[in-house]
Structure formats: C-alpha cells, structure tokens
There are 2 protein chains.
Amino acid sequence: MGRPREFDMEAALTKAMRLFWRKGYEGTSLSDLTDAMGITRPSLYAAFGNKEELFFKVLDRYDRETSAFIQGALNAPNARAMAEGLIFGACAFHSDKRNPAGCLMVHGALVGSDESLAVRRETSLRRSELKGRITQRLKQARTKHELPQGADPAALAGFLVAVLRGLAVEAASGARPVDLKRIAAVAMAAWPE
Amino acid sequence: MGRPREFDMEAALTKAMRLFWRKGYEGTSLSDLTDAMGITRPSLYAAFGNKEELFFKVLDRYDRETSAFIQGALNAPNARAMAEGLIFGACAFHSDKRNPAGCLMVHGALVGSDESLAVRRETSLRRSELKGRITQRLKQARTKHELPQGADPAALAGFLVAVLRGLAVEAASGARPVDLKRIAAVAMAAWPE
DNA sequence: CCCATTGTGTATCAATCGGTATATAAGACT
DNA sequence: AGTCTTATATACCGATTGATACACAATGGG
C-alpha cells in the first residue's frame with residue numbers, strides 16, 4: 001500500500017555507483033547524486049537512508065559488478081590460472097570504456113575527513129576480505145601441489161592484491177589498456193614455478 | 001621591511017603536509033590547516049596564496065621528503081639495485097612511524113569533485129614524471145647490459161611504479177612493515193636475469 | 001467513498017566550505 | 001618622531017554541505 005515509487009531503484013543505484021566511482025565518496029555531493037539519479041533529495045533519503053547508507057548499497061552493487069571476473073578467477077583450475085585471471089581480468093575491467101576509471105573499492109574512500117571514517121573502514125575491510133579469499137585459495141592450491149612447497153600463500157596473495165591496487169591507481173591516472181597489460185605481464189613473471 | 005612574520009613557514013608547511021598526507025586535499029579543510037599550523041586564516045593566505053597553492057608548495061615539500069631514497073635508488077650501480085632500492089625504500093618509507101600512512105602523491109588527490117581537477121592533474125603529472133625517470137634509467141641500464149636484451153625498460157618501469165602504488169595503498173590501509181616487505185620480495189622475483 | 005500509508009516537490013535548516021574586508025600591531029626607513 | 005610596509009586578529013562574506021519539515025499526490029484496503 002501507499003504511493004508507488006516512481007523511479008527504478010536499481011537504475012538509480014547504478015547512477016550513484018558511477019558517480020562515487022568517478023569522484024569518490026566525499027567528492028560526490030548530494031546535489032551531484034540527485035541530479036544524476038534524477039530524483040529529489042527526500043526521495044533519495046526515503047529510499048536509501050542517507051549518503052553513507054547509499055554508499056554502502058553502492059558497494060554491494062559494485063561487488064556484484066566485479067564478482068564475475070573475481071569469482072571466475074578464484075574458480076580457476078590452478079593457482080597460476082587464478083593469478084592470471086585476477087590480474088588480466090583487472091586489466092580488462094579497467095580497459096572497459098563503459099566503466100569509470102580506477103577502482104571504487106580503492107579510491108572511493110581511501111582517505112578523507114574524520115566524518116567519513118566509517119566509509120573508509122568499510123572499503124578497507126572489503127579489500128582485506130578479497131585478500132583473505134585469495135589467500136585461502138592459494139593455501140588449498142599448495143596442498144594440491146599447484147604451488148612449490150616453499151611458496152608462501154599469504155605473501156603471494158599480498159603481492160597479487162598490491163598489483164591489483166597498483167593497476168587501479170594507474171587506471172585512475174589514465175593509463176591505456178596496453179600499459180596495464182604490460183604491468184600485468186611483468187607481474188606474472190614473479191609467479192613461482 | 002614591514003612587520004616580521006611571527007611563524008616559521010617551513011614548520012607550518014610541514015604541518016600542512018602531514019595533514020594533506022593524512023586526509024587528502026579535499027578532506028582537509030582550511031580550519032584543519034590553520035588549527036594545525038597554528039596561524040590564522042589571513043596569515044595562511046598572505047603566506048601561501050590559497051588552499052591550492054599551499055597544496056602545490058606541500059607537494060614540493062613532499063618531493064624533498066621522498067627524494068632521498070628515490071634519488072638514491074636511481075643512482076644505484078645497476079638496474080636490479082635500483083629496483084630494490086625503490087621497492088624496499090618505499091617499504092621503509094611507509095614503515096617509518098613518523099610518517100602518515102600511505103603516499104601523498106597517490107592518495108592526496110586521486111579522485112574528487114570537479115573543483116580539484118588542477119590538483120589531481122598535478123599529482124598525476126608528478127607520478128608520471130617518476131615513471132619517466134625510472135624508464136630513462138632503465139634504458140641506459142640496457143645499453144650498459146645491466147638488463148637482458150629482451151627486457152622492456154618501459155614495461156619494467158611501469159611495473160615498478162605500479163608496485164609502488166600498490167604498496168602505498170596497502171600502507172594507507174594499515175599494512176604492517178612485514179606485509180609490505182613480503183610484497184616487495186615477491187615483486188623482485190619478477191625482475192629479469 | 002474515505003482513510004491510512006507512502007512517495008514526491010518545495011522550501012528550508014544549521015553547519016561548514018574557501019576566501020576577505022577592515023582595523024590594528026610591529027617592524028624598517030628617513 | 002613620523003611614515004611606509006607588511007603581518008595579525010576579528011568578524012564576516014556568499015556558496016555549498018548533508019539533511020528535513022511540511023504540504024500534497026498517488027495508491028490500496030475498508
């Protein structure tokens with residue numbers, strides 16, 4: 001019951017995501033958001049809570065956006081294929097011209113004023129969760145002898161995410177697809193065996 | 001002539017640098033700055049121009065801060081020593097508890113509102129300048145046969161700065177010194193020869 | 001039809017943003 | 001001393017920040 005919502009929440013969320021992705025959490029104002037989403041301020045607050053809650057919903061939306069290539073990489077048949085899937089998948093992701101430059105999870109809220117602490121902690125948490133999932137995958141890879149006995153899953157996972165962050169920063173700085181692929185190719189030379 | 005300045009410009013600039021370093025350009029307000037620098041708003045504007053000019057002067061100050069280990073690395077006797085100097089130098093830099101977390105040149109102004117475009121372009125420019133210097137160093141390294149003939153100086157330089165950016169993001173996320181060093185060690189495994 | 005419920009639009013809130021006008025204070029120079 | 005120049009301090013500017021009060025519109029249930 002009640003008056004039906006006149007806008008598409010998912011479409012509005014996508015608009016918000018692209019804006020946060022481009023300008024970051026604090027660089028995006030409510031006026032920016034309502035303009036892009038095509039709704040009024042009260043509608044935004046009624047539908048999404050407030051700016052912070054909207055950003056959290058956007059993070060979920062972003063996770064759905066990126067889960068395809070990340071989940072695909074984690075399901076790769078062996079450790080090297082997983083590493084390649086992650087790194088070259090990130091290259092393709094950052095080379096897709098339909099996407100804003102860089103990675104929302106990296107520069108969406110990396111630093112900022114004290115008011116945005118909760119937002120920074122959330123993105124930081126999600127970044128470390130990705131590292132954790134990669135670490136777990138590499139641990140089981142070692143038991144399956146997909147990795148040399150001396151290889152350190154945590155160290156390799158740390159390196160992988162560091163390269164992903166580096167690719168994201170370079171992409172946000174306007175790196176071309178070929179630049180990203182070159183970085184990826186050199187990085188893969190570090191992979192054991 | 002005229003009334004003498006009552007504060008130490010260099011000390012005030014250092015305070016400003018540490019604040020921008022921690023909160024980023026747009027995350028740092030003028031009130032934050034004047035509070036930390038211990039001066040009033042008109043004094044700040046008389047001495048440094050405006051927020052944007054102050055940030056540019058802070059970037060110069062930051063370059064002086066980081067030039068030690070970077071210049072040292074670029075002057076290393078061979079290409080591998082340069083790479084190690086850069087990567088492990090960055091680890092040490094980010095592990096120094098006297099420094100704010102992360103890298104001002106990376107997260108000081110990576111994204112933001114349209115008003116800060118000039119600031120983002122400047123940090124982006126300085127980042128690419130570093131890559132250029134590394135590339136030049138690697139080109140002369142190849143002529144001196146410090147690198148295999150097949151090695152690509154531009155690709156290696158791109159990889160190096162990507163790892164530096166990755167280390168910066170991880171450091172900004174609270175990575176411990178040992179985490180950074182592990183990333184560095186794996187990265188160096190990608191180095192040719 | 002009438003009412004309860006919920007979304008929308010206007011107009012506005014206090015707080016903060018970067019930036020200054022104005023007056024005064026403190027030194028150097030003649 | 002008197003004057004010129006520059007720094008400091010107070011108080012303020014218009015604009016924008018995130019967030020709402022209020023009135024009204026649109027639906028479903030009785």
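Naming: A, B, ... by sequence-line order, numbering from 1 per chain.
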Just N and O in the side chain of Ser43(A): are any of them under 4.0 Å from OP1 or OP2 of dT8(C)? yes
Between the opening five pairs and the closing five pairs of the helix from dC1(C)-dG30(D) to dT30(C)-dA1(D), how far apart are the helix axes, to 10°? 10°
Whole angstrom value for the distance that separates P of dG19(C) from CD of Glu53(B): 9 Å
Compute whether any side-chain donor of one residue and acceptor of the other, for Ser116(A) and Ser113(A), lie under 3.5 angstrom apart. no
Taking the six-membered ring for Trp and the full ring for Phe, Tyr or His, determine whether the centres of Trp21(A) and Phe93(A) are under 6.0 Å apart. yes
So, Lys51(A) side chain and Tyr25(A) main chain: donor-acceptor pair closer than 3.5 Å or not? yes
Check this for me: does the side-chain of Arg5(B) come within 3.5 Å of the base of dA7(D) through a donor and an acceptor? no
Report the residue (Arg3(B) or Glu26(B)) whose heavy-atom-nearest nucleotide on DNA chain C is the more 5′ of the two. Glu26(B)
Touch class at under 4.0 angstrom, heavy-atom based, for Ser113(A) against every strand present: nothing
What's the CD-C1' distance between Glu6(B) and dT5(D), to the nearest Å? 15 Å
Among dA28(C), dA26(D), dG19(C), the one nearest any side-chain atom of Pro4(A) is dA26(D)
Just to confirm, is there a sub-4.0 Å distance from OP1 or OP2 of dT17(D) to any side-chain nitrogen or oxygen of Ser29(A)? yes
Checking side-chain contact (heavy atoms from CB on, under 4.5 Å) between Cys91(A) and each of Ile183(A), Leu164(A), Leu180(A), Leu86(A), which is the one that passes? Leu180(A)
Reckon Ser31(B) has a side-chain N or O less than 4.0 Å from the OP1 or OP2 of dC17(C)? yes
Glu129(A) with Arg133(A): basic N within carboxylate O range, under 4.0 Å: no
May I have the distance from Asp8(A) (atom CG) to dT8(C) (atom P), rounded to whole angstrom? 12 Å
What integer distance in Å separates Met1(B):CE from dC4(D):P? 11 Å
Please state how far atom CG in Leu19(A) lies from atom P in dG18(D), giving the value in whole angstrom units. 11 Å
Can you tell me how far P of dT20(D) sits from CG of Leu30(A), to the nearest Å? 11 Å
How do Asp32(B) and Gly2(B) order along DNA chain C: which one's closest nucleotide is nearer the 5' end? Asp32(B)
Going by an N to O cut-off under 4.0 Å, is there a salt bridge joining Arg80(B) and Glu146(B)? no
Find the distance Phe48(A):CZ to dT8(C):C1' and express it as a whole number of Å. 15 Å
Which part of the nucleic acid does Pro42(B) contact within heavy-atom distance under 4.0 Å: base, sugar-phosphate only, or nothing? base
Tell me whether the side-chain N/O atoms of Arg41(A) come closer than 4.0 Å to OP1 or OP2 in dA19(D). no
Would you mind reporting whether Trp191(B) and Glu193(B) have side-chain heavy atoms less than 4.5 Å apart? no
